[in-house]
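Reading through the structure tokens given below for one structure.
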Amino acid sequence: MRRAGLIVAETLRGLRSMVEPGVTTRQLDAYAEKKIRSAGAYPTFKGYRGFPASICASVNDEVVHGIPSDRKLRDGDIIKIDCGATLDGYVGDAAISIPVGGISSEIEKLLQVTRESLFKALEKMIPGNRLYDVSYAVQEHVEDRGYSIVREFCGHGVGQRMHEDPQVPNYGRPGTGPKLKEGWVLAVEPMVNAGSHEVKILPDGWTVKTKDGRASSHFEHTIAVTGNGPMVLTALDDGSMVL
Ligand code: MG
Ligand code: MG
């Protein structure tokens, strides 16, 4: 899983350096597919329940599951890229939100709070803690700062399949839920809206958008619970997280 995760991390790092005004989300998808396949892996998303591309590319008020297209990124946009790779039967899954050119300080704050909430979750990923301790860590950090948590989508266990039990909601009651065990691997992925938590699915059957049209932010990493603390399987070679 670490080797699969490293491919995801390196792909996201490459994508981040490509993002600038004028680039299309289809170009980003093509880069990702090539990068993943050249590493000997398979782009997990491609064909997943019929999804047509190797990454999800969601812009501004699109929350998750956006389909790459000829849409050109514009100065001031944010793009959320979600990426998965399967290597030797194991999956890595991670996502980042990337500013396009210059973004407003309001949007930068939204991204920063979302990143921080992922770290808050990570701190709770200790054997013996309860699953919803992780969930609540995200919720508390986000809601205390006036943002809202998307309810309809959540993190998940990950292993030989991308989506395994348990579901990892970004909200919940601390001290409840199953006990975390050494060896568990969870994809933790706060989806945070600037306005209301409500979302809708577009007629393409995939793209999730905020109902109020305000911005949304998403970060995700695949994280293992170990006796030595949380281990980020989608980190770069030097252990740092693409964020
Ligand atoms: Mg993902
Ligand atoms: Mg995921």
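All ligand and atom numbering here is 1-based and tracks the order in the structure. The structure displayed is predicted, hence computed values, not measured ones. Scope of the values below: all heavy atoms of this structure, side chains included, with no hydrogens, waters or symmetry mates.
Looking only at N/O/S atoms, E220 comes nearest to the Mg ion (ligand 1) through OE1.
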Let me see the working for K124 and E140 under salt bridge (charged side-chain N to carboxylate O under 4.0 Å, His left out), right down to the final yes or no. CA-CA 13 Å; K124 297 290 181 189; E140 182 185 38; over 6 Å; no

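For the pair R3 and Y90, the NZ or CZ position fails the cation-pi test of under 6.0 Å to the six-membered ring centre and within 45 degrees of the ring normal.
Within the 2.8 Å limit, E189 places no N, O or S atom next to the Mg ion (ligand 1). For residue H163, no N/O/S atom approaches the Mg ion (ligand 2) to within less than 2.8 Å.
In this structure, OD1 of D93 and OD1 of D82 enclose an angle of 100° at the Mg ion (ligand 1), rounded to 10°.
Side chain of H141 to main chain of F119: no donor-acceptor pair is present (N/O by atom type, distance under 3.5 Å, no hydrogens or angles).
F51 has its ring centre no less than 6.0 Å from the ring centre of H65.
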